[in-house]
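Here's the structure, in structure tokens; my notes come after.
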Amino acid sequence: MKQFKKDRRSIFVIVGALFAFTMAFAVPGRTASGISVVAAVDSVTVLMGDKTHIRVNIDMPESSTRDARIVDFPIIPVGTDYIPWNGLDLVAVDSASVIEDGKRHISYDFTVQAFDPGTVTIPPFAVLGDAGADTAFSNVLTIKVNPVDVDSLETVNPMESIVNPGAKWYDYIPNWLLWTLLALAIVAIVVAVALFIIKNKKKEEIIRSTPIPPYDLAMSRLQTLRSRNLAESGHEKEYYTELVDILRQYLEGRFDINAMEMTSTQIIRALRSNPKTRMSADQVKSVLSIADFVKFAKVRPLPDDNVKAYTRAFDFVEQTKPEPEPETDEEISQRSNNNNSK
């Protein structure tokens, strides 16, 4: 009985295929005003999901090209994968046009795909000729869409059952507790970062608010100036400008002499009137004199002069540095106790 049903279905498929083939190729397209439209399909029988091609050829005189119009040919809009069309899915459209022997030949290639079993009829393709002329139609196409044989699906595996994975310890922690812990951790990190920034900022403010002693600042700047080798590299003016600026800043911080606003002569006069700097005033005068010659007279000193100017400035700062404050009785007692404990 099963074999009989299969044979009967095969007979129907063959008869339908012969009928569609006859309709596709035996019926010619009607012509009008010298325009010929012929449609054909690559395969008159297809399986569900398979693709086939419908080809339409149009021939017309070149003189009719301007007035001729193609009617209702399907076009896939830009950005669209397919469009439903006469019971099929139109998935691609391709066309070409050439002129030979005074005639224009236009060919269309429509790629179609079918998913519903049955017989699909494609209506004629129409082309309007010159004004007042008849319309040219193509032949009618018929495509037989065969269903997929169910037997071919026997290899499909059945659906797997639901898997029940084993529970972990963290599965018993409620979500609200996890989110709470996460929020607390974020808050703690933010607070820690804020405290760290505030602490460093306070340290910087303390460092900035604590003035550097004039002697320490001058010695530090002198060492930096020496390491730059300005005079050796030909930058004598910059070298003496920096050297004099170090002396001026030291005098202002160490002896309250407004040296930054004074001329060289005024600075020497102030040093000689101060008992603490009277003996060393000539050293500063020597440095200021050669510096003025370099900066204003554009005199290039000898290398030995550069070394002497630096040495005199260094010696002046060293000779006039503050005397260490005497230790108090408490400091002496504490130092004595520390020595005894050792």
Side-chain angles (χ1 to χ4, degrees), residues 6-62 64-65 68-101 103-129 134-153:
K6 288 185 177 181
D7 292 341
R8 187 174 63 177
R9 186 171 58 184
S10 299
I11 292 172
F12 288 155
V13 170
I14 294 172
V15 172
L18 292 174
F19 174 77
F21 182 82
T22 302
M23 292 296 293
F25 296 100
V27 181
R30 289 186 289 171
T31 63
S33 301
I35 300 176
S36 173
V37 186
V38 179
V41 61
D42 285 359
S43 178
V44 294
T45 59
V46 295
L47 285 176
M48 291 173 53
D50 287 347
K51 296 178 181 178
T52 188
H53 294 266
I54 297 175
R55 307 181 192 275
V56 181
N57 295 317
I58 305 171
D59 290 307
M60 66 177 70
E62 187 179 358
S64 302
T65 303
R69 292 192 298 111
I70 297 173
V71 182
D72 295 335
F73 275 49
I75 298 175
I76 299 178
V78 178
T80 304
D81 296 331
Y82 71 95
I83 60 172
W85 180 62
N86 294 316
L88 302 172
D89 285 347
L90 182 64
V91 297
V93 178
D94 191 13
S95 63
S97 176
V98 296
I99 298 177
E100 292 181 356
D101 300 332
K103 287 189 176 182
R104 178 176 293 276
H105 177 75
I106 304 174
S107 60
Y108 281 88
D109 182 0
F110 300 100
T111 304
V112 295
Q113 191 172 17
F115 292 96
D116 295 327
T119 302
V120 178
T121 300
I122 306 299
F125 294 88
V127 177
L128 294 176
D134 294 335
T135 302
F137 293 95
S138 71
N139 46 299
V140 178
L141 299 179
T142 304
I143 301 175
K144 177 66 176 179
V145 182
N146 294 325
V148 178
D149 194 351
V150 179
D151 294 340
S152 64
L153 301 178

**Prompt:** Do Asn86 and Pro123 touch side chain to side chain, with heavy atoms closer than 4.5 Å?
**Reply:** yes
Just list the side-chain donor-acceptor pairs under 3.5 Å for residues 107-117, sequence neighbours left out, or say none.
residue : atom : partner : partner atom : Å
Asp109  : OD1  : His53   : ND1          : 3.0
Asp109  : OD2  : Arg55   : NH1          : 3.1
Thr111  : OG1  : His53   : ND1          : 3.2
Gln113  : NE2  : Gly49   : O            : 2.8

**Request:** Drop me the distance from Thr135's OG1 to Leu128's CG, to the nearest 0.5 angstrom.
**Result:** 4.0 Å
**Complete:** Closest non-hydrogen atoms of Ile75 and Ile83, given as atom of the first, atom of the second and distance, are O-CD1, 3.6 Å
**Prompt:** From Asn146 CG over to Thr45 OG1, what is the distance, rounded to the nearest 0.5 angstrom?
**Reply:** 6.0 Å
**Asked** Which residues satisfy the ring-ring contact (aromatic ring centres under 6.0 Å, His included) test with Tyr82, sequence neighbours excluded?
**Response** none
**Request:** With the side chain counted from C-beta on, respond yes when Phe73 and Ile106 share a heavy-atom pair under 4.5 Å apart, and no when they do not.
**Result:** no
**Request:** Search all heavy atoms of Pro74 against all heavy atoms of Val93 and return the closest pair with its distance.
**Result:** O-CG2, 4.0 Å
**Fill in**
Closest non-hydrogen contact found for Pro61 with Gly34 is CD-O, 3.4 Å
**Prompt:** Considering only heavy atoms from C-beta outward, does the side chain of Asp81 approach that of Val91 to under 4.5 Å?
**Reply:** no
**Asked** Does any non-hydrogen side-chain atom of Leu88 lie less than 4.5 Å from one of Ile122?
**Response** yes
**Asked** Quick one: does Lys144's side chain get under 4.5 Å of Val44's, heavy atoms only?
**Response** no
**Request:** Considering non-hydrogen atoms only, spot the tightest contact between Ser36 and Val38 and give its length.
**Result:** OG-CG2, 3.9 Å
**Complete:** For Pro124 and Ser138, the nearest pair of non-hydrogen atoms, with its separation, is CB-O, 3.2 Å
**Straight-line distance of Glu100 CD to Asp59 CG, nearest 0.5 Å** = 9.5 Å
**Asked** CD1 of Ile70 to CD1 of Ile58: how many Å apart, nearest 0.5 Å?
**Response** 4.0 Å
**Fill in**
Shortest non-hydrogen pair, Val145 vs Met48, comes out as CG1-CG, 4.0 Å
